[in-house]
Chemist: 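Submitted below is the structure of interest, expressed as structure tokens.
These numbers come from the heavy atoms of this one structure, side chains and all, not from hydrogens, waters or symmetry mates. Convention: sequence-line order gives letters A, B, ...; per-chain numbering from 1.
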Number of protein chains: 2
Amino acid sequence: MKIDPAKPADLSAQIAKAIRDAIMSGALPVDERLPSEAELAEKFSVSRPTVREALKRLAAQSLIRTQRGATGGAFVNRLKYQDAYGQQITTSTLLLSMNDVSFATACEARYALERACAPLSAQRRTADHLATMRAEAHRQCQPGLTDQAFCASDVAFHRALVDAAGNPVLSYQLAGAVEAMQPLMNMITFSARSRQRIIDLHVQITNAIEAQDAAKADQNLSDLSRYTQQLAQEVITQRNTAGVTK
Amino acid sequence: MKIDPAKPADLSAQIAKAIRDAIMSGALPVDERLPSEAELAEKFSVSRPTVREALKRLAAQSLIRTQRGATGGAFVNRLKYQDAYGQQITTSTLLLSMNDVSFATACEARYALERACAPLSAQRRTADHLATMRAEAHRQCQPGLTDQAFCASDVAFHRALVDAAGNPVLSYQLAGAVEAMQPLMNMITFSARSRQRIIDLHVQITNAIEAQDAAKADQNLSDLSRYTQQLAQEVITQRNTAGVTK
DNA sequence: AATTTTCATTTGTCAGACAATTAAACGTCT
DNA sequence: AGACGTTTAATTGTCTGACAAATGAAAATT
């Protein structure tokens, strides 16, 4: 673990990189204790605040955890699925919102990935997953539901669909795609009729998954994808028309 | 932007969260300048080093960038695809290596996702993507190639396949799935015969994509997935046998 | 032996200072 | 007046030293 003295700026970034590389290469195994801040400071020939800034960078990525006290210190952290989900969602959401990603592009990506899960979900779904999907579909029927709550339930439904594939890596990869769509979906106002169409498709998807009919589920997801894009298109058209007449 | 004085520990984490929430909610638009460190310190009633630790956390996630000088400061950063790729790969790689994810699980996820891209890639592939895929397939034929280099070329081939879908969101989501497999693949020793089989399938996939034959590409990817898993299974079996005899 | 106290270690936080960088304001010369 | 160098103010980057808080281990006490 060395740092390059030729690049004087951003010492904390260099130190963070050195430690990150050591962790990713496996040189520092999980739960290994890093040297104390004072020792790291001496080792890298920097002050303790600089070392601390580096450690905070790593903590932000859940690469280390810190503990106070006599036997405390910074430890290499086992990255949990939950932490990875969170980072994935944060990054995906910002990526979409900051780069003017069109609804069509994001939607295409999301449904392409979900359809990849469908055959596995059909094969491995448990009663628990089916129950969650039906519960969310039922929640979506409630008349007083706000658009936001409708979207949140939609996300929960699709997460259950993905989780039914029984592959945690797949669930992790899809978390970003599904969750990051929510802010985009929230821009849509759902009429009672369009809600009913979506709910119908959700029920059909659930039925197909329960019947372990992958082809049917794929077809329904394809329909849902097309309908969602159509809804978004209408919103955009209306917005443009309103802008012209104004 | 408030912080909770009831939880005394980890002030920098609380401050980072407050600013992160403000960015994610859109309250702080892209390129907006945050108050100076001294102002933030006063605002949150903490010292400047604490504020700095919070800012470094955000910098680690590429949420802000900092600039020195008279008009410098911390600015809300537009998250670039490149930055998002990097974080995605780091997180995915660690998730796989630290959680004893089986080769089968990771491989299943990867190929399920890639097969989701294939129809789009077949539809939209450009000459450039095809050229990259053929170039990597050709590189894989070189006799002196190390297993590591073979795997690296394999990753490059599959990234080109994914990029051919022409959906940057899809490319971003898949980056982790494809790249994080590399360390796992590196544990396999590829015989000349198994290499040839993989290369043949790569060529067939490229041909199918060029012919815009989505079904054929899907079939070939399915074959490649099965063959890869079979290879891994053999390695595991051999290793276990060696362990018993030893 | 069990419990309490003390203590050393380590992280968390603060205050103040100086260096490095940068752009704007200022002044000078043509 | 305009072009060009100089100063200056603002801001981040880094350092030093210090104290508080937590925490487990060792020592002392019952």
Chemist: What is the separation between atom CZ on B/Phe75 and atom C1' on D/dT11, rounded to the nearest whole Å?
Modeler: 10 Å
Chemist: Under the ring-ring contact (aromatic ring centres under 6.0 Å, His included) rule, collect the residues that match up with A/Phe150, sequence neighbours excluded.
Modeler: A/Phe190
Chemist: According to side chain to side chain donor-acceptor pair (under 3.5 Å), who are the partners of B/Ser225, at least two apart in sequence or on a separate chain?
Modeler: none
Chemist: Under the 3.5 angstrom rule, does the side chain of B/Asp163 hit a backbone N or O of B/Ser171 as a donor-acceptor pair?
Modeler: no
Chemist: Would you kindly give the CZ-to-P distance between B/Arg52 and C/dA15, to the nearest whole Å?
Modeler: 16 Å
Chemist: Mind checking what makes side chain to side chain donor-acceptor pair (under 3.5 Å) contact with A/Thr71, not counting sequence neighbours?
Modeler: none
Chemist: Nearest-Å distance, CZ (B/Phe44) to C1' (C/dC14)?
Modeler: 17 Å
Chemist: From the set D/dA25, D/dG13, C/dT13, return the single nucleotide nearest to any side-chain atom of B/Lys56.
Modeler: D/dG13
Chemist: Roughly how many Å is it from CG in A/Leu11 to P in D/dT12, rounded to a whole number?
Modeler: 17 Å
Chemist: By ring-ring contact (aromatic ring centres under 6.0 Å, His included), which residues pair with B/Tyr172, not counting sequence neighbours?
Modeler: none
Chemist: Scan nucleotides 18-20 of chain C against the protein and return all N/O pairs shorter than 3.5 Å with their distances rounded to 0.1 Å.
Modeler:
none

Chemist: Which listed nucleotide (D/dG13, C/dT11, C/dT13) is nearest to the side chain of B/Thr50?
Modeler: C/dT13
Chemist: Find out whether B/Gln173 and A/Ser92 are in side-chain contact, i.e. whether some heavy atom of one side chain is under 4.5 Å from a heavy atom of the other.
Modeler: yes
Chemist: What is the distance, rounded to the nearest whole Å, between atom CD of B/Glu37 and atom P of C/dT21?
Modeler: 16 Å
Chemist: Calculate the interatomic distance between B/Arg33 atom CZ and C/dT22 atom P; express it in whole Å.
Modeler: 15 Å
Chemist: Measure from the side chain of A/Val46, starting at C-beta and using heavy atoms only, and say which of C/dA15, C/dT11, D/dC15 lies closest.
Modeler: D/dC15
Chemist: Holding to side chain to side chain donor-acceptor pair (under 3.5 Å), I want the full list of residues that pass it with A/Asp31, two or more places apart in sequence or in another chain.
Modeler: A/Arg65
Chemist: Can you figure out which of D/dA9, C/dG12, D/dT14 approaches the side chain of B/Ala70 most closely?
Modeler: D/dA9
Chemist: Over how many whole Å does the gap from A/Asp10 atom CG to C/dT21 atom P extend?
Modeler: 12 Å
Chemist: Which atom pairs, one a donor and one an acceptor, fall under 3.5 Å between side chains of residues 176-188 of chain B and the rest of the protein, sequence neighbours left out?
Modeler:
{"residue": "B/Glu179", "atom": "OE2", "partner": "B/Arg159", "partner atom": "NH1", "Å": "2.9"}
{"residue": "B/Asn186", "atom": "ND2", "partner": "B/Gln182", "partner atom": "O", "Å": "3.4"}

Chemist: For B/Pro168, enumerate each residue passing the side chain to side chain contact (heavy atoms under 4.5 Å, CB included) test, keeping only those at least two apart in sequence or located in another chain.
Modeler: A/Thr105, B/Tyr81
Chemist: Just N and O in the side chain of B/Ser47: are any of them under 4.0 Å from OP1 or OP2 of C/dC14?
Modeler: yes
Chemist: Under 4.0 Å from any atom of DNA chain C, heavy atoms only: list the residues of residues 59-67 of chain B that qualify, in numerical order.
Modeler: none
Chemist: Considering heavy-atom distances to DNA chain D, does B/Glu39 or B/Pro49 have its closest nucleotide positioned more toward the 5' end?
Modeler: B/Glu39
